[in-house]
Asks: 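Quick one: this structure, given as structure tokens, is what I'll be asking you about.
Keep in mind it's a predicted model, so treat the numbers as computed, not measured. The chains referred to below are lettered A, B, ... by the order of the sequence lines, with proteins before strands, and numbering in each begins at 1. Computed from heavy atoms alone, side chains included, the values below leave out hydrogens, waters and symmetry copies.
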Amino acid sequence: RELDEKTLERMLWDFETGLLESDVALPVAEDIVQSIRARLLGTKRKHADDILESALRDALGKVLSAKDFDFDEYIESAKKPINIVFVGINGTGKTTTIAKIAHRLKKSGYSIVIAAGDTHRAGASEQIGIHAKRLGVKLIEHQVGADPAAVVYDGVQYTRARHKDVLLADTAGRLHTKVGLMDQLKKICRVTSPDLVIFVDEMIAGNDAVVRAKMFNEVVGIDGSILTKADVDAKGGAAISIAYATGAPILFLGTGQEYDDMVKFQPEWLLDRLFE
Amino acid sequence: NLSLSLQNVVKKIAGARRIDPRTIDEMVKDVQRTLLQADVNVELVMGLSTRIRERSLKEKPAPGANPREHVIRIVYQELVDVIGKSTDVPLSKQTILMVGLYGGGKTTTVAKLARYFQRKGLKPAVICADSYRPGAYDQLKQLCEQINVPFYGEKDSDALTIVKHGLKELKGDVKIIDTAGRHALEADLIKEMKQIHKLAKPDQNLLVLDGAMGQLAGKHAKAFDDAIGITGVIITKLDGTAKGGGALSAISETNSSIAFIGTGETLDDLERFDPDRFISRLLG
Ligand SMILES: Nc1nc2c(ncn2[C@@H]2O[C@H](COP(=O)(O)OP(=O)(O)OP(=O)(O)O)[C@@H](O)[C@H]2O)c(=O)[nH]1
Ligand SMILES: Nc1nc2c(ncn2[C@@H]2O[C@H](COP(=O)(O)OP(=O)(O)OP(=O)(O)O)[C@@H](O)[C@H]2O)c(=O)[nH]1
Ligand SMILES: [Mg+2]
Ligand SMILES: [Mg+2]
């Protein structure tokens with residue numbers, strides 16, 4: 001017999017609650033449910049659960065494998081030197097992620113340069129200096145308080161002049177609501193024309209992930225995201241929220257503090273967790 | 001100003017007739033969405049919604065109060081029940097241990113807290129017991145130099161040794177210990193935290209929580225509480241768009257309250273927690 005409206009609404013509500021409890025942002029969860037409601041109307045009750053799961057996998061699958069972009073293939077085929085800038089709000093793991101990416105690319109045989117674009121926070125240059133030293137990677141840095149755009153520009157020039165493959169530019173964490181700091185980020189990107197702007201956010205973030213991903217996307221344009229601290233929050237909801245908000249692919253998940261603690265993002269991993 | 005208008009609403013309560021259930025349901029659904037978007041725990045929102053709905057139907061609205069004002073007054077009271085008052089922060093000799101997840105703002109908050117006590121006329125002193133994060137020592141040392149606060153650290157020692165030496169060396173009356181980020185699944189780090197707690201015997205164990213923390217805030221707060229007992233919570237980065245709803249679960253799971261909120265990157269950006277303002281911001 002057909003699914004009556006009351007049963008359908010209850011199913012969709014349980015389903016939405018499940019998404020919310022997995023840390024998917026509210027507007028995103030509502031959107032997903034809305035797209036699925038249309039698929040479920042008029043179906044038979046006994047088929048509803050399967051249709052619900054497959055409709056969700058389709059809806060999310062599209063979001064999560066946005067513009068099938070493979071980071072490793074991109075690095076391999078793109079014209080060198082490649083400039084990549086890492087952006088995001090305070091404390092999400094940008095600096096640590098740059099170290100992990102440098103480690104990964106170096107293992108694959110690429111020559112890497114790091115630009116210390118955080119010229120503002122206490123201990124920032126010491127932190128990235130230690131990573132560069134441990135990785136045996138050249139670090140471009142200026143004095144504390146220097147113009148970050150100048151440091152990254154300097155990094156671009158060095159990478160090109162010395163025929164290095166990839167420049168990884170760090171930037172200071174900044175809240176998306178600070179107009180001056182967002183303008184500074186816009187300037188860094190305008191002056192250095194990065195090939196990739198990577199948004200680094202954390203898996204443990206809730207609804208704010210959508211707000212800030214949207215803002216960064218509007219201000220500098222996001223080509224891909226990396227979600228850190230997936231070892232702390234393995235529910236994965238923030239991945240859905242951010243992919244939804246930016247339309248950009250999720251490249252990697254950070255799964256710890258060590259250089260090897262990073263995995264390529266697989267949509268299936270996330271979908272499986274949602275259905276556990 | 002929310003509390004003033006609420007006081008007036010409460011004064012006028014006698015004799016109003018009830019508001020219809022459908023309107024109440026719409027209002028409650030509205031409040032539910034607001035709280036969920038503010039990152040309040042789903043289960044907590046559902047429990048609150050049930051109580052808010054029952055009370056909204058059962059209690060008489062103030063004469064002239066529209067449905068929204070009637071429901072909001074009840075929402076406000078229910079939230080105050082969960083949130084309670086701000087943590088008592090005695091201005092006396094004490095040792096404070098700062099703990100929390102990665103990147104939440106512990107190091108910055110330790111320096112902000114030192115500034116707070118300094119301004120109150122006390123002599124703070126800071127210990128860097130983070131032996132893991134590259135540059136942690138330099139970060140905290142530089143912040144302490146900004147405000148002329150005595151700093152103790154050792155670049156190549158383990159956390160326990162640093163704390164032992166630091167507590168002996170430092171002469172300040174308020175000793176604040178910064179620790180490395182950690183979470184429940186890192187058994188070694190949890191063990192280290194318990195050992196630091198046992199050695200330092202802090203008067204306060206403050207949990208630093210990022211204001212944008214999602215649904216796992218309560219679960220993680222509970223893990224810290226189970227390990228060493230949390231006496232107060234500090235919610236950071238509330239100068240952005242995050243509402244800090246995770247804080248509600250954190251305080252209910254740790255049976256504590258919110259002591260301060262972080263509202264910026266500079267050392268002056270630490271405010272005493274104000275329940276009224278927090279709730280107003282939560283309800284948008
Ligand atoms: N558990 C875990 N911790 C992480 C991960 N990524 C980063 N961290 C930790 O998060 C904390 C902050 O990392 P940073 O690299 O300093 O973050 P950031 O974005 O550069 O911070 P700001 O420059 O201050 O904005 C550090 O303690 C890191 O070790 C991860 O994937 N898992
Ligand atoms: N806007 C804003 N930024 C903050 C606030 N508190 C801390 N930060 C920033 O958040 C980032 C992380 O702060 P830290 O103090 O390094 O965090 P932590 O908890 O010590 O990090 P780990 O030691 O790696 O776990 C830094 O960029 C700080 O400047 C706040 O209240 N508002
Ligand atoms: Mg950084
Ligand atoms: Mg720290």
Asks: How close do A:Ile130 and B:Gly135 get, heavy atom to heavy atom, and via which atoms?
Replies: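 Scanning both residues, the minimum pair turns out to be CD1-N, 3.6 Å.
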Asks: Measuring heavy-atom distances to chain B, does A:Val211 have an atom under 4.5 Å in its side chain, in its backbone, in both, or in neither?
Replies: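 The answer is the side chain of A:Val211.
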Asks: Could you please spell out the steps behind the side-chain contact (heavy atoms from CB on, under 4.5 Å) verdict for B:Glu265 and A:Leu181?
Replies: CA-CA 12 Å; B:Glu265 296 188 60; A:Leu181 294 178; 4.3 Å; yes
Asks: Working to the nearest 0.5 Å, report the span between CG of A:Asp208 and CD of B:Gln37.
Replies: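 So the CG of A:Asp208 and the CD of B:Gln37 are separated by 10.5 Å.
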Asks: Given that the side chain runs from C-beta out, which part of B:Asp239 has a heavy atom under 4.5 Å from chain A: side chain, backbone, both or neither?
Replies: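 Both the backbone and the side chain of B:Asp239 come within 4.5 Å of chain A.
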Asks: Sort B:Leu36 into side chain, backbone, both or neither according to what part of it lies under 4.5 angstrom from a heavy atom of chain A.
Replies: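 The answer is both parts of B:Leu36.
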Asks: Has the side chain of B:Asp138 got a donor or acceptor atom that lies under 3.5 Å from a matching backbone atom of A:Gly123?
Replies: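 It does not hold such a pair.
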Asks: Indicate yes or no: at least one non-hydrogen side-chain atom of A:Glu202 is less than 4.5 angstrom from one of B:Asp210.
Replies: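 Yes, at least one pair of side-chain atoms sits under 4.5 Å.
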Asks: Decide yes or no on side-chain contact (heavy atoms from CB on, under 4.5 Å) for A:Asn207 and B:Lys243, but give the supporting numbers first.
Replies: CA-CA 9 Å; A:Asn207 280 263; B:Lys243 300 284 184 338; over 6 Å; no
Asks: Applying side-chain contact (heavy atoms from CB on, under 4.5 Å), run through A:Glu30 and B:Arg33 and close with a yes or a no.
Replies: CA-CA 10 Å; A:Glu30 289 181 329; B:Arg33 293 191 73 252; 2.5 Å; yes
Asks: Got more than 12 heavy atoms from elsewhere within 6.0 Å of CG, B:Asn148?
Replies: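 Atom CG in B:Asn148 is not packed in, count stays at 12 or less.
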Asks: Which pair of heavy atoms, one from B:Gln142 and one from A:Ala122, lies closest together, and at what distance?
Replies: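 Here B:Gln142 and A:Ala122 meet closest at OE1-CA, 3.3 Å.
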Asks: If every non-hydrogen atom of B:Gly264 is compared with every non-hydrogen atom of A:Lys178, which pair is closest and at what distance?
Replies: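 Between these two residues, the closest heavy atoms are CA-NZ, 4.5 Å.
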Asks: Under 4.5 Å, counting heavy-atom pairs only, tell me which of A:Thr17, A:Val210, A:Asp23 racks up the most with chain B.
Replies: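 Winner by heavy-atom pair count: A:Asp23.
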Asks: Between chain A and each of B:Ala111, B:Gly181, B:Gly240, B:Gly246, count heavy-atom pairs under 4.5 Å; write down the option with the most.
Replies: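 If we count pairs closer than 4.5 Å to chain A, B:Gly240 comes out on top.
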Asks: Quick check: closest heavy atoms across B:Leu216 and A:Lys235, and the distance to 0.1 Å?
Replies: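 Heavy atoms only, the tightest pair is CD2-CE, 4.3 Å.
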Asks: Side chain, backbone, both or neither: which part of B:Leu101 has an atom under 4.5 Å from a heavy atom of chain A?
Replies: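 Looking at B:Leu101, just its side chain touches chain A.
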Asks: Would you say that more than 12 heavy atoms from the other residues, nucleotides or ligands in this model lie under 6.0 Å from the CZ of B:Arg281, or not?
Replies: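 It does: B:Arg281 CZ has more than 12 such atoms within range.
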Asks: Considering only heavy atoms and a distance below 4.5 Å, find which of B:Glu43, B:Met213, B:Gln139 pairs most often with chain A.
Replies: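 Going by pairs under 4.5 Å, I would pick B:Gln139.
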Asks: Quick check: are there more than 12 heavy atoms from other residues, nucleotides or ligands sitting under 6.0 Å from CG of B:Asp156?
Replies: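 Count not over threshold, so no.
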Asks: Would you indicate whether B:Arg68, at its atom CZ, is surrounded by more than 12 heavy atoms from other residues, nucleotides or ligands within a distance under 6.0 Å?
Replies: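 Incorrect, the count does not exceed 12.
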Asks: If you look at every heavy atom in B:Thr241 and A:His176, which pair is closest and at what distance?
Replies: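 Shortest heavy-atom separation between B:Thr241 and A:His176 comes out as OG1-NE2, 2.7 Å.
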Asks: Which atom names give the shortest non-hydrogen contact between A:Trp13 and B:Met46, and what distance separates them?
Replies: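 The answer is CZ2-CE, 3.4 Å.
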Asks: Using non-hydrogen atoms only, which part of B:Gln32 is less than 4.5 Å away from chain A: side chain, backbone, both, or neither?
Replies: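 The side chain, not the backbone.
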Asks: I need the B:Glu186 CD to A:Gln257 CD distance, nearest 0.5 Å.
Replies: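 Interatomic distance, B:Glu186 CD to A:Gln257 CD, rounded to 0.5 Å: 7.0 Å.
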Asks: For B:Arg133, which atoms come within 4.5 Å of any heavy atom of chain A: side chain, backbone, both, or neither?
Replies: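 When you check distances to chain A, only side chain atoms of B:Arg133 fall under 4.5 Å.
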Asks: Taking B:Pro134's backbone N and O only, do any of them form a donor-acceptor pair with A:His131's side chain (distance below 3.5 Å, no angle check)?
Replies: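 Checking the backbone N and O of B:Pro134 against the side chain of A:His131, no donor-acceptor pair under 3.5 Å is found.
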Asks: With a cut-off of 6.0 Å (strictly less than), are more than 12 heavy atoms of other residues, nucleotides or ligands near CZ of B:Arg53?
Replies: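 Not buried by this count: 12 neighbours or fewer within 6.0 Å.
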Asks: What part of A:Ala205 gets within 4.5 angstrom of chain B, counting heavy atoms only: side chain, backbone, both, or neither?
Replies: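 It is both, since atoms from each part get that close.
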Asks: Take A:Arg121 and B:Thr108 through the test side-chain contact (heavy atoms from CB on, under 4.5 Å) and record every step on the way to the result.
Replies: CA-CA 10 Å; A:Arg121 203 206 68 209; B:Thr108 311; 5.9 Å; no
Asks: For chain B, which candidate among A:Thr95, A:Thr92, A:Ile89, A:Leu20 shows the most heavy-atom pairs at distances under 4.5 Å?
Replies: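 Most heavy-atom pairs within the cutoff with chain B belong to A:Leu20.
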Asks: Is A:Glu9 atom CD crowded by more than 12 heavy atoms from other residues, nucleotides or ligands, each under 6.0 Å away?
Replies: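 Yes - once you tally the heavy atoms of other residues, nucleotides and ligands closer than 6.0 Å, there are more than 12.
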